[in-house]
Peer 1: 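Sending over a structure as structure tokens; questions will come in a sec.
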Amino acid sequence: MKPLLLILSLFFSPCLFAQQKDLAPTPPMGFMTWNYFGLDIHEEDIKSLADAMVESGLRDAGFNYIFIDDGWQGGRDNKNNIIPDPNKFPSGMQALVDYVHAKGMKIGIYSDAAPLTCGGFTASLGFEAQDAKTFAKWGFDYLKYDYCGAPSDWQTAIERYQIMAEALRNSGRDMVLSVCEWGDREPWLWAHKAGGQLWRTTADIRDKWTCGETVQNPSDLHGKGAGILDILNINATLDAYAAPNAWNDPDMLVVGLYGKPGAPSSELGGKGCTDTEYQSQMSLWCMMAAPLMITCDVRHMNAATKRILSNQDIIAIDQDPLGKQAARVIYNNTWQVFVKPLSNGDIAVAVLNVSEATQTANIPLSELGIANKNQAKDLWSKEMLRIDNAIEVKVAPHETKVYRFMD
Ligand code: GLA
């Protein structure tokens, strides 16, 4: 079947839409194991990470999930129940889930719509109902469902995500479904209807600013090493699809990784970014109402990383209940300017300098559709400004200024 026909048939299928719950009214936020630990995860690390999320104030800033990524699995038992690796999780999953819940946090798990995951571990194809029940019994709140080892056509992908979504709905526990097929089959057109609350829009992020090429098609990013700017340039075009319980996911925050050797994010030229670039990622991801997944070692963050991740004014833009992704209203070789309407009538504006030199912006408010608002807060410097006709500001290379316009 042609992709368009497939999507139409999905929209007219009677059973799915009505059953969806309000599981992710704002973009999910938390700590994800992948880019710090890779496959080498252990219950003690995850517990100490959960402790650090609380002690650092990041949980209270909104990062209230711990997401376990690939590498936790230890095969199946003699009843085909999926089990954790006993060396990595000697106390069992239930104990870890209870520990994280007792910290006032939620917890996510990972699987894949094929026999094996991307890392080569046991996955859920053919065992969807059984695995969903196991995840529910352990107490998980969220499933990231990957697509390595699965056929490339659209129809199979849609079906496999529908099957897992249904399995989660019948599991006896509310769990968010995160669709992870990297944007290759335009999941923004079907993933929500198939039962997901968020979907990855690109190949995996690496800890770098750009691969140096202009890539418009998500599947062309594979193997190139997608940087912050490359992912921005795809995700920014998808604003029409984002809404509460339906989020474009431009992958994890690389903030604070600094090119960590051995981390998956350091592959394909991921040598690390400057704090200015990390601050831009945080700003732009929040403008795009992106899920916010920290992957650096929050147990040993430096002051810059903590400041970037804990900026409550910026997080409030991401978590605004209106749930609009910013529209990119200016896009040229120097500037990218984003506008995001907020629930109380305020308007957030982000100004990114993509050039390699410091530049002075002069952007008429009329070009941004802003009228009758002259007061703005600079959400990084915290200054209150009076802006009459135009935003005039010096912006360093790869820096992003963010303003909240109010009455
Ligand atoms: C894929 C996903 C990543 C991560 C790894 C785990 O590459 O896109 O986010 O989950 O698999 O193996």
Side-chain angles (χ1 to χ4, degrees), residues 7 10-32 59-67 97 100-101 103-111 128-129 132-133 135-145 158 161-180 187-201 235 238-250 285-293 312 315-326 340-346 348:
I7 290 160
L10 190 63
F11 270 82
F12 288 107
S13 79
C15 57
L16 291 168
F17 218 46
Q19 299 171 15
Q20 294 204 12
K21 290 191 179 168
D22 196 23
L23 297 179
T26 60
M29 297 170 63
F31 172 85
M32 183 162 263
R59 178 201 62 186
D60 293 342
F63 292 94
N64 64 343
Y65 272 97
I66 298 287
F67 302 105
V97 169
V100 171
H101 282 160
K103 295 260 152 193
M105 299 184 83
K106 297 181 186 180
I107 182 162
I109 189 86
Y110 167 98
S111 195
E128 292 87 350
K133 288 215 168 85
F135 302 149
K137 189 182 81 182
W138 285 335
F140 279 100
D141 306 295
Y142 180 109
L143 173 68
K144 172 176 173 179
Y145 204 42
I158 295 172
Y161 281 104
Q162 277 180 322
I163 290 169
M164 185 45 102
E166 200 182 347
L168 292 176
R169 281 195 299 272
N170 295 335
S171 70
R173 188 171 174 86
D174 285 340
M175 278 180 268
V176 171
L177 175 61
S178 155
V179 170
C180 181
W188 42 91
L189 298 178
W190 53 263
H192 180 57
K193 184 71 174 153
Q197 283 76 34
L198 61 158
W199 50 85
R200 283 273 300 278
T201 54
N235 204 71
L238 302 172
D239 55 295
Y241 303 102
N245 299 302
W247 308 107
N248 291 310
D249 175 5
W285 265 227
C286 289
M287 290 296 290
M288 295 192 295
L292 300 176
M293 321 256 175
Q312 287 286 214
I315 292 171
I317 302 298
D318 184 74
Q319 295 290 301
D320 186 81
L322 191 60
K324 290 263 186 215
Q325 176 173 332
K340 183 182 199 286
L342 302 170
S343 54
N344 69 348
D346 290 358

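Just so it is clear, the values below take in all heavy atoms, side chains as well, and ignore hydrogens, waters and symmetry mates.
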Peer 1: Pick out which of P291, P28, P187 makes a side chain to side chain contact (heavy atoms under 4.5 Å, CB included) with D249.
Peer 2: P291
Peer 1: So for atom NZ, which belongs to K137, do other residues, nucleotides or ligands contribute more than 12 heavy atoms lying within a distance under 6.0 Å?
Peer 2: no
Peer 1: How far apart are the closest heavy atoms of Y145 and M164, and which atoms are they?
Peer 2: CE2-CB, 3.4 Å
Peer 1: Over all heavy atoms of both residues, which pair between A191 and V179 is shortest? Give the atoms and the distance, please.
Peer 2: CB-CG2, 4.0 Å
Peer 1: Could you go through L168 and F140, starting from their C-alpha distance and side-chain angles, then the distance that decides it, and tell me whether this counts as side chain to side chain contact (heavy atoms under 4.5 Å, CB included)?
Peer 2: CA-CA 11 Å; L168 292 176; F140 279 100; over 6 Å; no
Peer 1: Suppose we screen for side chain to side chain contact (heavy atoms under 4.5 Å, CB included). Which residues come up paired with D346, at least two apart in sequence or across chains?
Peer 2: L342, N344, R404, M406
Peer 1: Checking A289 now: which residues fulfil side chain to side chain contact (heavy atoms under 4.5 Å, CB included) with it, not counting sequence neighbours?
Peer 2: P27, W247, K340
Peer 1: Kindly say whether L177 contributes a backbone atom to a donor-acceptor pair with the side chain of Q197 at under 3.5 angstrom?
Peer 2: yes
Peer 1: Just jot down the salt bridge (charged side-chain N to carboxylate O under 4.0 Å, His left out) partners of D141, sequence neighbours excluded, or say none.
Peer 2: R173
Peer 1: Could you pull out all residues at least two apart from F135 that satisfy ring-ring contact (aromatic ring centres under 6.0 Å, His included)?
Peer 2: none
Peer 1: What is the distance from atom CD1 of I66 to atom CE of M293, rounded to the nearest 0.5 Å?
Peer 2: 12.0 Å
Peer 1: Between the side chains of N235 and T201, does any donor sit under 3.5 Å from an acceptor?
Peer 2: yes
Peer 1: Keeping E128 on the side-chain end and E166 on the backbone end, is there a donor-acceptor pair under 3.5 Å?
Peer 2: no
Peer 1: Step by step, work out the side chain to side chain contact (heavy atoms under 4.5 Å, CB included) result for D239 and M288.
Peer 2: CA-CA 7 Å; D239 55 295; M288 295 192 295; over 6 Å; no
Peer 1: Please name all residues satisfying side-chain hydrogen bond (donor to acceptor under 3.5 Å, both in side chains) with N245, sequence neighbours left out, ordered by chain then number.
Peer 2: D22
Peer 1: On the 0 to 90° scale, with breaks at 30° and 60°, tag the W190-Y161 ring pair as parallel, tilted or perpendicular.
Peer 2: tilted
Peer 1: Look up atom CE in M175 and atom CZ in R169, then write down how far apart they are to the nearest 0.5 Å.
Peer 2: 12.0 Å
Peer 1: Under the side-chain hydrogen bond (donor to acceptor under 3.5 Å, both in side chains) test, which residues partner N64, sequence neighbours left out?
Peer 2: none
Peer 1: Give me the atom names and distance for the closest heavy-atom approach of A194 to A165.
Peer 2: O-CB, 3.2 Å
Peer 1: In the structure I gave you, are the side-chain heavy atoms of W199 and N248 within less than 4.5 Å of one another anywhere?
Peer 2: yes
Peer 1: What do the steps show when you test L189 against Y241 for side chain to side chain contact (heavy atoms under 4.5 Å, CB included), and what is the final call?
Peer 2: CA-CA 8 Å; L189 298 178; Y241 303 102; 3.7 Å; yes
Peer 1: side-chain hydrogen bond (donor to acceptor under 3.5 Å, both in side chains) with S171: which residues, sequence neighbours excluded?
Peer 2: none
Peer 1: Between R59 (side chain) and K103 (backbone), is there a donor-acceptor pair under 3.5 Å?
Peer 2: yes
Peer 1: In chain order, what residues pass the side-chain hydrogen bond (donor to acceptor under 3.5 Å, both in side chains) check against S178, with sequence neighbours excluded?
Peer 2: none
Peer 1: Listed by chain and number, what are the side chain to side chain contact (heavy atoms under 4.5 Å, CB included) partners of I315, not counting sequence neighbours?
Peer 2: M29, A61, F63, M282, Q312, Q319
Peer 1: Carefully, step by step, assess K144 and R200 under the rule side chain to side chain contact (heavy atoms under 4.5 Å, CB included).
Peer 2: CA-CA 10 Å; K144 172 176 173 179; R200 283 273 300 278; 4.1 Å; yes
Peer 1: Under the side chain to side chain contact (heavy atoms under 4.5 Å, CB included) test, which residues partner D60, sequence neighbours left out?
Peer 2: none
Peer 1: List for me each residue that meets ring-ring contact (aromatic ring centres under 6.0 Å, His included) alongside Y110, sequence neighbours excluded, and say none if there are none.
Peer 2: none
Peer 1: Could you tell me which residues satisfy salt bridge (charged side-chain N to carboxylate O under 4.0 Å, His left out) with K106, sequence neighbours excluded, listed by chain and number?
Peer 2: none
